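Everything quoted here is computed from the prediction, not taken from an experiment.
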Amino acid sequence: MSDIERLRHSCAHVMATAILRIWPDAQFAYGPPIENGFYYDFQMKHRVTPDDFEKIEAEMKKISKENQKFEWKGISREDAKAMAESGRLGGLSERPGNPSVFKLDLIDKIPEGEQISCFQNGDFIDLCAGPHVGYSGKCKNVKLTSVSSSFYMGDDTKPQLQRLYGTAFESREELEAYFVRLEEAKKRDHRRLGKELKLFHIDEDVGQGLILWTPNGAVLRQELQSFISEELRKQGYHQVFTPHIGKLALYKTSGHFPYYKESQFPAIIEPDALQQIAHEGCGCAEMTARLDAVSAQFANQLNERTGREVIGQDRIMDPEKLLDGFLLKPMNCPHHIKIFGSQPRSYRDLPVRLAEFGTVYRWEQSGELNGLTRVRGFTQDDAHLFCTEDQVAAEVLGCLSLVKIVLTTLGMTDYRVRVGLRDADSSKFTGNPEQWDKAEDACRKAAATLGVPFTEEPGEAAFYGPKIDFVIKDVIGREWQLGTVQVDYVLPVRFDLSYVGADNKPHRPVMIHRAPFGSMERFCGVLIEHFAGHFPTWLAPEQIRILTISEKVDAFADEIFAQLKTAGLRVTLNNDADKIGAKIRNAQLDKVPYMLVLGEKEAAAGGVSVRHAKRGDLGVRSIADFLADVTAEVRERQL
RNA sequence: GCCGAAGUAGCUCAGAGGUAGAGCAGCGCAUUCGUAAUGCGCGGGUCGCGGGUUCAAUUCCCGCCUUCGGCUCCA
């Protein structure tokens, strides 16, 4: 544990002590240091609100002044249990009738034979492995930041606890600097900039988590798509288009329906069928069952193909009663699979790489929605690669290099790479173990070539195969998964895909799912924050703004405007009656990369005064020079 | 979905049981100006939505919706 973590952990104990002095019934669960501070989870009758912070902080100050010593004590399991039973553990004194329930549970979770220890500061004794600072006097530069709720052990079937967050630093200056930094970070929040720069809009009447791309944001997105499309052409991809819905049977085959029902928009039922079931007086439960069900033939075929019972007897129904419908597509794979399967394929054709900016819809929980980063409808820069088993490693590598090109071009270097592996004892993962091993190995090896540290995370795989994810942090430190590359041995079996090998026999292809941006929405959200709204010229919705000094140069300004426009640049003209200072200020606030100041001086010389939003006044230049430089800057996608 | 907080003009926010205010933005007029705010004037709000209490509710109470911070979830 680092020094700052040790300090913050001690602050969590000081906070607990303060809470107990005010509300003695509090039962504490778990209180670790975290990236920017610490928290403690607890349960008590009083509900803490931000109005209570002052009172709690005052008590914490007092405890810090008392300069209590943090003392380590090794105790036996029996003693620990006895102390928890009496309410002494995680309390200021024994609390008859109020046993330390969470501490009791935590003690049970400590493996047999491991040393159990507690720490005492003043009257507060807590089950804790430490370490801690020497004295509470160190815990003086501390501030409570927020209160929320959490589930005990992160399990939503366990009791809901209150979680109080705080932060602490060695010095007061560092503490203050932290909050200044936080304020600065908020200014680059994509939700705020999205409004200020008119990039996107979310409208209640359209629906939560559904993005309306306004003209400025549409430019940003379109430029990114063009960039990706160019790279895809270089790498031998084929562009396809598919509809936004597909029949339920498609998703029953893929295995997504009904198992992921909670995260899909409900099925769309055909009008005739809807009328029929309404006529029959069919209830909701009955309707759901009939939607979920399949015919015996369907189940048998799929079970036979996969070699296991993926569809149980309970889902089989008389074909007469089956209810058909459509699903708003939650992913693009089945559609692409159908394109691959639409014609015979030879091993000579492989790999087949099908790409689409495919829009998908997922029913995310309302509390999870967040600006552009977590939405209910989004467009993936998706592609599916169908290849032979021998080609998997090379194709994964190709996908990774694409992700790397993308991130490098945008100057995004602060990301981490996660290799998601299967969790041995989870039934969530399908397919055979040897293929999993092979695929996991290919991912691991490919990730190693990135030259970026990566972590292997068991249980993070997709149900059909392992994956490599690129994860980036937003301004407030939350992590978002962007690019992803996933190897899949399962869907080709479920859809019975095949190609003809050199031996003139059918073979099963392997699929790779990949999206370098992940989703256009999320990526743009992260990108807005990355650039703090100051996009490089090639991405800027408005690249150049012409600012006139007086009406006398209107004709000259029109001429320059027309020239830049003809050159394909996104240019606007501000010939309002404002003073030049105001025009510059407005252009700066709109984060327009180039401002061209035109007055009588420029008109006489036939030049333009160039000002850059970040580099300031660049002096007078000839229009030809300026045009050449900016077009090159845009063409080369300079940062 | 759960816990907590919030919702007043396009934006940022103030306000109070007696049907609302500022700054910025917008519009109009004047100004013709040299690298981050020219002046004057005008318009703009069913105070998130629906109920209830009250002579009177935007303000108090209840329900809902949306947003924000967490939790859980993320094929």
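The nearest whole Å value for the distance from the OH atom in A/Tyr40 to the P atom in B/G70 is 22 Å. Between A/Leu589 atom CG and B/C11 atom P there is a gap of 17 Å when expressed in whole angstrom units. For the pair A/Asp578 CG and B/A25 C1', the interatomic distance rounds to 12 Å; values are reported in whole Å. Following rounding to the nearest Å, A/Arg191 (CZ) and B/G7 (P) show an atom-to-atom distance of 17 Å. Per the geometry, CG belonging to A/Leu144 stands 16 Å off P belonging to B/G70, to the nearest Å. A/Glu479 has its CD atom 16 Å from the C1' atom of B/G70, to the nearest Å. Between A/Lys467 atom NZ and B/A75 atom C1' there is a gap of 8 Å when expressed in whole angstrom units. The CD-C1' distance, from A/Gln162 to B/A5, rounds to 14 Å in whole Å.
The side chain of A/Tyr165 has B/G70 as its nearest neighbour among B/A36, B/G70, B/C74. Side-chain atoms of A/Gln365 lie closest to B/C73 of the nucleotides B/G34, B/C3, B/C73. Ranking B/A75, B/A36, B/C3 by closeness to the A/Arg611 side chain, first place goes to B/A36. Comparing B/G70, B/C74, B/G4 by their nearest atom to the side chain of A/Ser148 picks out B/G70. Looking at the side chain of A/Thr49, the nearest of the listed nucleotides B/C74, B/A36, B/G4 is B/G4. With distances taken from any side-chain atom of A/Ser149 to the nucleotides B/G34, B/A36, B/G70, the minimum falls on B/G70. Among B/A75, B/G69, B/C33, the nucleotide with an atom closest to any side-chain atom of A/Tyr260 is B/A75.
Of the nucleotides present, none pairs with B/A57 by Watson-Crick or G-U wobble criteria with both distances under 3.5 Å. Across all strands shown, nothing is found opposite B/C33 as a Watson-Crick or G-U wobble partner with both distances under 3.5 Å. Searching all strands for a Watson-Crick or G-U wobble partner of B/G23 with both distances below 3.5 Å returns B/C11. Judged by Watson-Crick or G-U wobble contacts below 3.5 Å, the nucleotide B/G43 has no partner. In a base pair of the Watson-Crick type (N1 to N3 plus N6-O4 or O6-N4) or a G-U wobble (N1-O2 and O6-N3), with each distance short of 3.5 Å, B/G4 is matched with B/C68.
Of the C1' atoms belonging to B/A6 and B/U12, the separation is 15 Å, rounded to the nearest Å. Spacing between B/A9 and B/A5 at atom C1', rounded to whole Å, works out to 24 Å. B/A16 and B/C60 have their P atoms separated by 11 Å, given to the nearest Å. Going from the C1' atom of B/A14 to that of B/G23 covers 11 Å, rounded to whole Å. Rounded to whole Å, the separation between the P atoms of B/G44 and B/A20 comes to 14 Å. Taking atom P on both nucleotides, B/C29 is separated from B/G45 by 23 Å, rounded to a whole Å. For the P atoms, the distance from B/G43 to B/U31 is 23 Å, rounded to whole Å. Rounded to whole Å, the separation between the P atoms of B/U46 and B/G41 comes to 26 Å.
Side-chain contact of A/Asn332 with A/Gln380: a donor-acceptor pair under 3.5 Å is present, judged by distance alone.
Note on A/Glu600: a base of the nucleic acid sits closer than 4.0 angstrom, heavy atoms only. A/Gly581 comes within contact range of the sugar-phosphate backbone alone, with a heavy-atom separation under 4.0 Å but no base atom that close. Using a 4.0 Å heavy-atom cutoff across all strands shown, A/Glu602 reaches at least one base atom of the nucleic acid. Across all strands shown, A/Lys601 has heavy atoms under 4.0 Å from base atoms, whether or not it also approaches the sugar-phosphate. If you check every strand for non-hydrogen atoms under 4.0 Å, A/Pro330 touches a base. The residue A/Ile580 sits close only to the backbone: its heavy atoms come under 4.0 Å of sugar-phosphate atoms, none of a base. Here A/Lys552 lies in heavy-atom contact (under 4.0 Å) with sugar-phosphate atoms only. Nucleic acid contact for A/Ala577: base, since at least one base atom lies under 4.0 Å from a heavy atom of the residue. Contact annotation for A/Tyr259: no contact, since no heavy-atom pair falls under 4.0 Å across all strands. At a threshold of 4.0 angstrom between heavy atoms, the contacts of A/Arg163 are confined to the sugar-phosphate backbone, with no base atom among them. When heavy atoms are screened at a 4.0 angstrom cut-off, A/Ser150 is found touching the sugar-phosphate backbone but no base atom. Residue A/Asn370 is classed as a sugar-phosphate contact, given heavy-atom separations below 4.0 Å to backbone atoms only. Counting any heavy atom pair closer than 4.0 Å across all strands shown, A/Gly255 reaches no nucleic acid atom.
For B/C65, the OP1/OP2 oxygens have no side-chain nitrogen or oxygen of A/Gln208 closer than 4.0 Å. Between A/Asn575 and B/U32 there is no side-chain N or O to OP1 or OP2 distance below 4.0 Å.
Comment: A/Arg514 does not engage A/Glu395 in a salt bridge, judged by the lack of any side-chain N to carboxylate O separation of less than 4.0 angstrom. Residues A/Arg418 and A/Asp469 are paired through a salt bridge, judged by an N-O separation under 4.0 Å between the basic side chain and the carboxylate. Between A/Lys187 and A/Glu183 there is no salt bridge, since none of the side-chain N atoms of the basic residue sits less than 4.0 Å from a carboxylate O of the acidic one. Between A/Arg163 and A/Asp41 there is a salt bridge, since at least one side-chain N of the basic residue sits less than 4.0 Å from a carboxylate O of the acidic one.
Checked options A/Tyr40, A/Phe38, A/Tyr39; the residue passing with A/Tyr165 is A/Tyr39 (criterion: ring-ring contact (aromatic ring centres under 6.0 Å, His included)). Each of A/Met331, A/His256, A/Arg362, A/Lys329 was evaluated against A/Gln264; a single residue qualifies, A/His256, per the side chain to side chain contact (heavy atoms under 4.5 Å, CB included) test.
Interface remark: the A/Glu364 side chain does not form any donor-acceptor pair with the B/G1 base, using a distance-only criterion of under 3.5 Å. In the interface, the side chain of A/Ser609 is paired with the base of B/U35 through a donor and an acceptor atom under 3.5 Å apart. Side-chain atoms of A/Arg374 and base atoms of B/C73 include a donor and an acceptor less than 3.5 Å apart.
Residue A/Arg47 is the one, among A/Arg47 and A/Gly371, whose nearest nucleotide of RNA chain B lies closer to the 5' end (criterion: closest heavy atom). Nearest-nucleotide positions on RNA chain B place A/Ser366 closer to the 5' end than the other of A/Ser366 and A/Arg478.
The two residues A/Arg315 and A/Phe257 make their nearest non-hydrogen contact at NH2-O, 3.8 Å.
A heavy-atom distance below 4.5 Å is not found between the side chains of A/Leu210 and A/Val375. In this structure the side chain of A/Phe626 never reaches within 4.5 angstrom of the side chain of A/Leu618, judged on heavy atoms.
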